[in-house]
Amino acid sequence: MRPLAPVQKDGPRVNKEIRVLEVQLIDAEGRNLGPTKINDALQAAEDAGLDLVEIAPNSVPPVCKLLDYGKYKYQNQKKAAEARKNQKIVEVKEIKMRPNIDDHDYDVKLRAMRRFFEEGDKVKVTLRFRGREMAHQDLGLKLLVKVREEVGELAKVESDPSLEGRQMTMVLAPR
């Protein structure tokens with residue numbers, strides 16, 4: 001029978017979990033008390049009614065601070081939640097066109113693209129060919145080049161026009 005692997009704890013080591021002889025001790029006010037024996041540091045934490053928390057485990061000796069571990073964990077959770085709240089998920093919006101699109105329809109699609117770029121989303125422009133239109137792929141390419149030029153100040157080309165089967169695609173990303 002194989003021995004069980006030690007359980008990996010997420011987060012810093014606290015109090016009796018710290019297994020070194022000497023630590024660099026920082027008190028609750030942030031003053032550096034210098035290298036201190038682990039037993040003295042644990043006693044100082046107990047006297048202050050706080051926990052001894054390993055802040056920088058890789059330094060020599062490890063840096064430990066006297067603080068309320070529950071409060072410390074709570075503040076870290078709040079900080080992580082705030083970071084998650086502020087990040088923007090970039091979506092890829094798709095605009096479908098045909099090579100012989102009418103002017104008004106083209107303008108409507110272009111307005112939608114501009115709105116997507118202002119919202120910070122990428123746009124995948126898909127040009128679908130049907131039947132005999134496959135013989136005139138140059139018209140489709142001209143249309144995609146026209147789109148690229150008209151939204152040039154708002155967006156940059158992430159992938160150039162490419163033909164995949166019966167459709168030509170191009171991906172644009174906001175600047």
Side-chain angles (χ1 to χ4, degrees), residues 1-96 109-126 144-145 147-162 164 169-175:
M1 195 166 140
R2 223 172 46 206
L4 293 174
V7 178
Q8 287 294 320
K9 179 181 179 281
D10 57 330
R13 290 187 286 228
V14 184
N15 298 332
K16 299 278 185 196
E17 294 170 1
I18 302 168
R19 298 255 177 241
V20 291
L21 296 174
E22 192 175 64
V23 296
Q24 185 77 21
L25 187 63
I26 298 172
D27 68 2
E29 284 80 44
R31 290 190 305 263
N32 188 348
L33 304 179
T36 311
K37 299 282 182 216
I38 188 68
N39 293 332
D40 297 340
L42 286 168
Q43 188 60 49
E46 198 175 306
D47 293 345
L50 297 170
D51 299 303
L52 183 67
V53 181
E54 193 174 44
I55 302 297
N58 296 331
S59 63
V60 180
V63 178
C64 294
K65 189 171 182 178
L66 299 178
L67 48 85
D68 183 352
Y69 185 61
K71 189 175 178 183
Y72 174 75
K73 266 177 61 174
Y74 175 72
Q75 285 173 338
N76 281 351
Q77 283 176 343
K78 276 186 65 169
K79 211 179 292 177
E82 187 69 29
R84 275 195 306 276
K85 189 176 83 175
N86 289 337
Q87 73 184 6
K88 168 87 172 83
I89 293 121
V90 176
E91 291 182 39
V92 179
K93 305 284 188 170
E94 187 172 22
I95 298 284
K96 292 185 178 181
K109 305 261 185 192
L110 211 60
R111 267 200 309 273
M113 272 190 255
R114 287 198 168 104
R115 190 179 74 242
F116 294 150
F117 291 135
E118 286 165 6
E119 291 170 4
D121 297 324
K122 292 181 182 182
V123 175
K124 178 181 181 182
V125 183
T126 304
L144 288 180
V145 167
V147 168
R148 181 173 56 196
E149 288 170 359
E150 290 198 26
V151 296
E153 72 278 354
L154 291 173
K156 59 182 181 283
V157 176
E158 199 166 86
S159 73
D160 288 316
S162 63
E164 298 159 14
T169 58
M170 172 174 72
V171 179
L172 300 165
R175 286 196 187 271

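Please read all numbers here as calculations on a predicted model, not as lab measurements.
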Trainee: With a 3.5 Å distance limit and no angle check, can you tell me whether Lys65 reaches the backbone of Gly30 through a side-chain donor-acceptor pair?
Mentor: no

Trainee: Looking at side-chain heavy atoms only, is the closest gap between Val125 and Met113 below 4.5 Å?
Mentor: yes

Trainee: Kindly compute the distance separating CZ (Arg114) from CD (Glu118), expressed to the nearest 0.5 Å.
Mentor: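 That separation rounds to 9.0 Å.
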
Trainee: What distance separates Arg175 CZ from Glu153 CD, expressed to the nearest 0.5 Å?
Mentor: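 Spacing of CZ (Arg175) from CD (Glu153) equals 9.0 Å.
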
Trainee: Might you point out which heavy atoms bring Ala45 and Asp51 nearest each other, and give the distance in Å?
Mentor: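 Smallest heavy-atom distance, with atoms named: CB-C, 4.1 Å.
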
Trainee: Can you list the residues that meet the salt bridge (Lys or Arg N to Asp or Glu O under 4.0 Å) rule with Asp121, with sequence neighbours excluded?
Mentor: Lys88

Trainee: First locate atom CZ of Phe116, then atom CD of Glu94, and finally report the distance between them rounded to the nearest 0.5 Å.
Mentor: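 With rounding to 0.5 Å, CZ (Phe116) is 10.5 Å from CD (Glu94).
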
Trainee: Tell me, do Leu172 and Val151 make a side-chain contact under 4.5 Å, heavy atoms counted?
Mentor: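 The answer is yes, as the side chains (C-beta and beyond) meet within the 4.5 Å cut-off.
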
Trainee: What closest approach, in Å, do Leu50 and Leu67 show between heavy atoms, and which atom pair accounts for it?
Mentor: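 Heavy atoms only, the tightest pair is CB-O, 3.7 Å.
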
Trainee: Return the CD1 to CZ distance between Ile38 and Arg19, rounded to the nearest 0.5 Å.
Mentor: 9.5 Å

Trainee: Could you list the residues that satisfy side-chain contact (heavy atoms from CB on, under 4.5 Å) with Glu158, not counting sequence neighbours?
Mentor: Lys122, Val171, Ala173

Trainee: To check you understand the geometry: which heavy-atom pair defines the closest contact between Pro12 and Tyr72, and what is its length?
Mentor: CG-CE2, 3.8 Å

Trainee: Distance from Gln24 atom CD to Asn32 atom CG, nearest 0.5 Å?
Mentor: 4.5 Å

Trainee: Applying side-chain contact (heavy atoms from CB on, under 4.5 Å) between Leu52 and each of Val14, Thr36, Asn15, report the one that passes.
Mentor: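 Exactly one option meets the side-chain contact (heavy atoms from CB on, under 4.5 Å) with Leu52, and it is Asn15.
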
Trainee: Using 4.0 Å as the upper bound for N to carboxylate O, is an ion pair formed by Glu82 and Lys79?
Mentor: no

Trainee: Determine whether more than 12 heavy atoms belonging to other residues, nucleotides or ligands lie under 6.0 Å from atom CD of Glu46.
Mentor: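 Incorrect, the count does not exceed 12.
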
Trainee: How about Val20 and Pro61: do any of their side-chain heavy atoms sit closer than 4.5 Å?
Mentor: no

Trainee: Apply side chain to side chain donor-acceptor pair (under 3.5 Å) to Asp47 and Gln43, showing your working.
Mentor: CA-CA 6 Å; Asp47 293 345; Gln43 188 60 49; 2.9 Å; yes

Trainee: Would you say that Pro174 contacts Leu154 through its side chain, given a criterion of any heavy-atom pair below 4.5 Å between the two side chains?
Mentor: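 Of all side-chain heavy-atom pairs linking Leu154 with Pro174, none is under 4.5 Å.
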
Trainee: As an exercise, state the distance from NZ of Lys124 to OG1 of Thr169, rounded to the nearest 0.5 Å.
Mentor: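 Between Lys124 NZ and Thr169 OG1, I get 5.5 Å after rounding to 0.5 Å.
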
Trainee: Among residues two or more places apart or on two chains, list those pairs meeting salt bridge (charged side-chain N to carboxylate O under 4.0 Å, His left out) that have a residue in residues 21-43.
Mentor: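 Applying salt bridge (charged side-chain N to carboxylate O under 4.0 Å, His left out) to every pair that reaches into residues 21-43, excluding sequence neighbours, yields Asp27-Arg31, Glu29-Arg31.
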
Trainee: What do the steps show when you test Arg148 against Asp160 for side chain to side chain contact (heavy atoms under 4.5 Å, CB included), and what is the final call?
Mentor: CA-CA 10 Å; Arg148 181 173 56 196; Asp160 288 316; 3.6 Å; yes

